[in-house]
There are 2 protein chains.
Amino acid sequence: MSTSVPTREAPARGRRSTRASGDERERAILTTAEKLLEERPLSEISVEDLAKGAGISRPSFYFYFPSKDAVLLTLVDRMVEEAAVGREEALAGLADDPRSAWRQGLQSYFEAFGSRRGVIRAAAELRPTNAEARGLWTQVMETWIADASVIIEAERARGAAAPGRPARELAIALVQMNERALFATFSGEEPALSEETVLDVLVDVWVRAIYGAAAD
Amino acid sequence: MSTSVPTREAPARGRRSTRASGDERERAILTTAEKLLEERPLSEISVEDLAKGAGISRPSFYFYFPSKDAVLLTLVDRMVEEAAVGREEALAGLADDPRSAWRQGLQSYFEAFGSRRGVIRAAAELRPTNAEARGLWTQVMETWIADASVIIEAERARGAAAPGRPARELAIALVQMNERALFATFSGEEPALSEETVLDVLVDVWVRAIYGAAAD
DNA sequence: CAATGTATCAACACACTGTCGAGTCCGTCA
DNA sequence: TGACGGACTCGACAGTGTGTTGATACATTG
């Protein structure tokens, strides 16, 4: 580890340059955003609100972040990283018990996203209008899909899973289902599955879609 | 089943009152919106653009619609109504051939939404910020889910479908999958299923999830 | 031919975003 | 020590968008 600043792998969307004291200010903006997002949607939060919450003026805000969106992307980055941690481990014990292995894979996302409702809600709100947000989300989906495809193929090869449409196609549909269902549940949409049942239902569909043979 | 179509009284979101000549103007606004939405997202279309496209001034626009959102909701209303038409018929020949019956049910949505990409994209963009849009979409989902639940239960009762989690839960997850997958495909997101395969893949998951027993 | 309702728009009042430039504060080093 | 420069701050401005108001046409139609 180098002695210099704790190498923040954070993308260049944070502060303009520098690395002096105002570090806390940057933090303050982030935590303010997180707090406000629990209360109301992104569209009802202005740069002024963020600045005020961090105890600075609006122009000063722009010293730390180039826009409101950038703040959010930083938050999302963080969350995604957390979610990715659990992903690896889950994919071990497949041969033993597919159902609970798949369940585990889902669970890490469930937990990471579930603990930051404001942020995912905002992310969903941002995606349509912000290309960077779209790209970031695409990446997440893509790794998820890639993982699932590989496993589906492996399960088919060893004869555990039923043959059928290309693994990737199946994976895309299932991952999209997860995304939508979890978003709906966490943002309190109607209709949505309850927090207690989402995981079970989703895993059920996954397992049936992957292992069950197509009827007729 | 009851087929209670969401009573279609023209929503009060059109013109302030009246119903005189300026009818064409209202139309012009609607078609302008539809046209512009094929080119660029809702967030990049201003009331000014809409007004200009319809050959009137911005204030005049407000004589016809209370806001930009209202224009869109009208468009969505229309589209949803079209989509609902095919729904009824599809649900007949289930006993004969479940797969193609389910496929047919999906197809009407596929076609209705696929022919108005701009509008669905805008609808997705609007949903997070506009309560009315959310409510409208909720209704659509709800009828879809209700239908699916009833059928799943019927199929289980007659022994065709496998038992499992409550039909409604299954229906919610599957309908959400459809929604997300179709949106992704039609708005050219990445990753997404191709237009040629979406329907097949979705139907495949539906059939396996409903008729296939849970493996493990 | 008034009177009533339809339709139109210039001008205004706001809200928000992003930028510019003039500052302050503080550590460094000549 | 004192001036130089970089970190940081904010008042004031410019731009773009929304929604409203009030004055004004232009019909009908009673």
Side-chain angles (χ1 to χ4, degrees), chain A residues 4-5 8 10 12-30 32-33 36-37 39-74 122 125-126 128-133, chain B residues 12-30 32-33 36-37 39-74 122 125-126 128-133:
Chain A
S4 60
V5 198
R8 155 91 63 289
R13 77 172 62 91
R15 199 148 4 138
R16 269 179 203 157
S17 54
T18 81
R19 88 203 47 184
S21 84
D23 233 18
E24 315 153 22
R25 290 287 154 86
E26 191 172 331
R27 280 265 190 83
I29 293 174
L30 256 5
T32 299
L36 292 184
L37 283 173
E39 297 168 10
R40 52 184 197 270
L42 179 63
S43 59
E44 284 168 30
I45 297 173
S46 67
V47 171
E48 175 100 48
D49 295 333
L50 259 23
K52 197 163 284 179
I56 56 178
S57 74
R58 204 168 55 78
S60 289
F61 167 92
Y62 288 100
F63 178 81
Y64 295 99
F65 293 93
S67 69
K68 190 172 74 174
D69 287 7
V71 175
L72 228 127
L73 286 168
T74 304
E125 196 178 337
L126 196 59
T129 57
N130 183 302
E132 203 173 348
Chain B
R13 77 172 63 89
R15 198 150 2 141
R16 269 179 203 159
S17 54
T18 79
R19 91 201 46 193
S21 85
D23 235 14
E24 314 154 22
R25 290 287 154 88
E26 191 170 331
R27 278 266 189 84
I29 293 174
L30 256 3
T32 299
L36 292 183
L37 282 174
E39 297 168 10
R40 52 185 197 270
L42 179 63
S43 59
E44 285 167 29
I45 296 174
S46 68
V47 172
E48 176 99 48
D49 296 333
L50 259 23
K52 196 164 285 179
I56 55 178
S57 73
R58 204 169 55 79
S60 288
F61 166 93
Y62 288 100
F63 178 81
Y64 295 98
F65 291 94
S67 70
K68 191 172 72 175
D69 288 7
V71 175
L72 229 127
L73 286 168
T74 304
E125 195 178 337
L126 196 59
T129 57
N130 182 303
E132 202 173 348

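Computed from a prediction, not measured in an experiment: that's the story for all the values here. Naming: A, B, ... by sequence-line order, numbering from 1 per chain.
Remark: side-chain polar atoms of B:Lys68 are not paired, donor with acceptor, to backbone N or O of B:Leu50 under 3.5 angstrom.
At its two ends the helix from C:dC1-D:dG30 to C:dA30-D:dT1 runs along axes set 30° apart, each axis drawn from five pairs and the angle rounded to 10°.
Scanning all heavy atoms of the two residues, the minimum distance from A:Leu73 to A:Ala133 falls at CD2-CA, 3.6 Å. Counting all heavy atoms, side chain and backbone alike, B:Ala51 lies closest to B:Phe61 at CB-CB, 4.2 Å. Across all non-hydrogen atoms, the minimal contact from B:Asp49 to B:Ile45 is OD2-CA, 3.6 Å. Minimum heavy-atom separation, A:Ile29 to A:Ala54: CG1-CB, 3.7 Å. Nearest heavy atom pair, residue A:Glu125 against residue B:Pro128, reads CG-CB, 3.7 Å. Between B:Thr32 and B:Ala28, the closest heavy-atom pair is OG1-O, 2.6 Å.
Nucleotide D:dC8 holds its C1' atom 15 Å from the CZ atom of A:Phe61, rounded to whole Å. Look at CG on A:Asn130: it is 15 Å from P on C:dT17, rounded to the nearest Å. For A:Phe63 and C:dT19, the CZ to C1' distance is 15 Å, given to the nearest whole Å. We find that CZ of A:Phe65 is positioned 13 Å from P of D:dC8, with the value rounded to whole Å. B:Asp23 has its CG atom 13 Å from the P atom of C:dT6, to the nearest Å.
Side-chain proximity of B:Ser67 to the nucleotides D:dG19, D:dT9, D:dA12 is greatest for D:dG19.
Within the 4.0 Å cut-off from OP1 or OP2 of C:dC20, not a single side-chain nitrogen or oxygen of A:Tyr62 is found. Taking only side-chain nitrogens and oxygens, A:Tyr64 never comes nearer than 4.0 Å to OP1 or OP2 of D:dC8.
Contact check of residues 42-58 of chain A against DNA chain C (heavy atom, cut-off under 4.0 Å) returns A:Ser46, A:Val47, A:Arg58.
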message: Go through it in stages, so that I can follow the logic: the residues are A:Leu30 and A:Phe65, the test is side-chain contact (heavy atoms from CB on, under 4.5 Å), and I'd like the CA-CA distance, side-chain angles, deciding distance and then a yes or no.
response: CA-CA 10 Å; A:Leu30 256 5; A:Phe65 293 93; 3.9 Å; yes
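For A:Arg58, the side chain to side chain contact (heavy atoms under 4.5 Å, CB included) partners are A:Val47, A:Glu48, A:Tyr62, not counting sequence neighbours.
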